[in-house]
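Hydrogens, waters and symmetry mates play no part in the numbers below; they use all other heavy atoms, side chains included.
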Amino acid sequence: MEREFWKAGNMLYPVPAVMVSCQRPGERPNIITIAWAGTTCSDPVMVSISVRKERYSYDIIRETGEFVINLTTANLTRAMDYCGVKSGRDIDKFAEMKLTPSASKTVGAPGIMESPVSLECRVTQVIELGSHDMFLAEVTAVSIDPQYMNEKGEFQLNDAGLITYSHGTYFELGKQIGTFGYSVKKKK
């Protein structure tokens, strides 16, 4: 059977589904759900998010040059979805979803206390692409929820119930099928 060809489209799934918090000085913080987010560099530690220009958070991030990426869990799925379909122009998403702003160390925007990991980010470059602009940013600090630390002091992120987005559907990460480098590891 031959493969079927479709018109060009973004079918790179699954992707992380994250809540990005941002805030102008003196205004209430806002949250936008982003599925176009990723790691871009390890030294310096850099990430990217892509945001439509019409989104309320776009101007906030563009003006302040800061945002916080908050990883999402199964417990945050409803709030994550809500923050992606409602506009912060009209409502206080933190209050509506009963989320707690957490103080950041290096940026003015708060993190989300209920998130297992919050990455504080400073924009280094905005790349205009078309439907979305990409904000390339350096990670300036990371805060974690200590409930995911084990008795040895190791962070157990994979126990958090992280969420991914794939073709219109949210999924909780599940069964482990390998670890980095297992395919070439010498057998004992």
Side-chain angles (χ1 to χ4, degrees), residues 10 12-39 47-64 66-121 123 132-135 137 139-149 155-174:
N10 192 333
L12 182 61
Y13 293 114
V15 292
V18 299
M19 294 192 293
V20 173
S21 44
C22 55
Q23 182 177 16
R24 287 186 184 101
E27 293 185 9
R28 73 172 183 250
N30 190 49
I31 304 167
I32 181 175
T33 299
I34 299 284
W36 312 133
T39 299
V47 294
S48 68
I49 61 170
S50 293
V51 183
R52 287 184 179 273
K53 290 180 183 178
E54 343 32 272
R55 298 295 298 264
Y56 177 63
S57 296
Y58 176 92
D59 287 331
I60 297 171
I61 295 168
R62 185 98 192 204
E63 291 167 22
T64 64
E66 301 176 337
F67 58 89
V68 179
I69 296 175
N70 302 277
L71 300 189
T72 58
T73 63
N75 292 339
L76 289 170
T77 304
R78 187 169 183 359
M80 177 195 55
D81 184 67
Y82 182 90
C83 291
V85 296
K86 293 290 189 175
S87 176
R89 285 184 186 95
D90 308 320
I91 56 167
D92 181 341
K93 295 179 188 180
F94 274 95
E96 288 293 318
M97 291 290 97
K98 296 178 178 40
L99 297 171
T100 311
S102 63
S104 292
K105 185 177 181 180
T106 63
V107 299
I112 299 173
M113 186 68 74
E114 293 78 8
S115 171
V117 177
S118 297
L119 296 92
E120 299 176 22
C121 303
V123 176
H132 292 67
D133 283 357
M134 180 191 296
F135 291 90
V139 177
T140 56
V142 176
S143 65
I144 62 161
D145 184 336
Q147 76 171 307
Y148 298 107
M149 299 297 289
F155 188 50
Q156 303 296 301
L157 180 59
N158 293 328
D159 294 341
L162 297 174
I163 298 300
T164 63
Y165 175 83
S166 182
H167 203 61
T169 305
Y170 305 117
F171 292 93
E172 181 178 359
L173 293 180

Looking only at non-hydrogen atoms, find the nearest pair between [X] and [Y] and report the distance.
X: G111; Y: V68; result: CA-CG1, 3.8 Å
X: D159; Y: Y148; result: O-CE2, 4.1 Å
X: I144; Y: V117; result: CG2-CG2, 4.2 Å
X: Y56; Y: S87; result: CB-OG, 3.9 Å
X: E66; Y: V123; result: N-CG2, 4.2 Å
X: R28; Y: D90; result: NH2-C, 4.0 Å

### Message
Please check if the number of heavy atoms outside R78 that lie under 6.0 Å from its CZ is greater than 12.
### Response
no
Just by modelled atom types, is the [Y] backbone N or O under 3.5 Å from a matching donor or acceptor in the [X] side chain?
X: K86; Y: K93; answer: no
X: E172; Y: A74; answer: no
X: T77; Y: T73; answer: yes
X: Q23; Y: E27; answer: yes
X: N70; Y: S115; answer: no

Once rounded to the nearest 0.5 Å, what's the spacing between atom [atom1] of [X] and atom [atom2] of [Y]?
X: N10; Y: H132; atom1: CG; atom2: NE2; answer: 9.0 Å
X: S57; Y: R89; atom1: OG; atom2: CZ; answer: 9.0 Å
X: D92; Y: N30; atom1: CG; atom2: CG; answer: 8.5 Å
X: L71; Y: S118; atom1: CG; atom2: OG; answer: 7.5 Å
X: I31; Y: I91; atom1: CD1; atom2: CD1; answer: 9.5 Å
X: D133; Y: R52; atom1: CG; atom2: CZ; answer: 11.0 Å

Do the side chains of [Y] and [X] get nearer than 4.5 Å, heavy atoms only?
X: V20; Y: C83; value: no
X: Y13; Y: T164; value: no
X: F67; Y: I60; value: no
X: S21; Y: P29; value: no

#### Entry: Pair D81-Y170, side-chain donor/acceptor within less than 3.5 Å
yes
### Task
Decide whether T100 and E114 meet the rule of one side-chain donor and one side-chain acceptor closer than 3.5 Å.
yes
### Message
Quick one, L76 with L99, criterion side-chain contact (heavy atoms from CB on, under 4.5 Å). Give me CA distance, side-chain angles, the key distance, then yes/no.
### Response
CA-CA 9 Å; L76 289 170; L99 297 171; 3.8 Å; yes
### Task
Using the side-chain contact (heavy atoms from CB on, under 4.5 Å) rule, take C121 and V47 through it: C-alpha gap first, then chi angles, then the decisive distance, then the call.
CA-CA 8 Å; C121 303; V47 294; 3.8 Å; yes
### Query
Run the side-chain contact (heavy atoms from CB on, under 4.5 Å) check on I49 and I61 step by step: do they pass?
CA-CA 11 Å; I49 61 170; I61 295 168; 4.0 Å; yes
### Message
Let's go through W36 and M134 carefully: what are the C-alpha distance in whole Å and the side-chain angles of both, what is the deciding distance for side-chain contact (heavy atoms from CB on, under 4.5 Å) to 0.1 Å, and is it a yes or a no?
### Response
CA-CA 9 Å; W36 312 133; M134 180 191 296; over 6 Å; no
### Task
Apply salt bridge (Lys or Arg N to Asp or Glu O under 4.0 Å) to R24 and E63, showing your working.
CA-CA 8 Å; R24 287 186 184 101; E63 291 167 22; 2.7 Å; yes
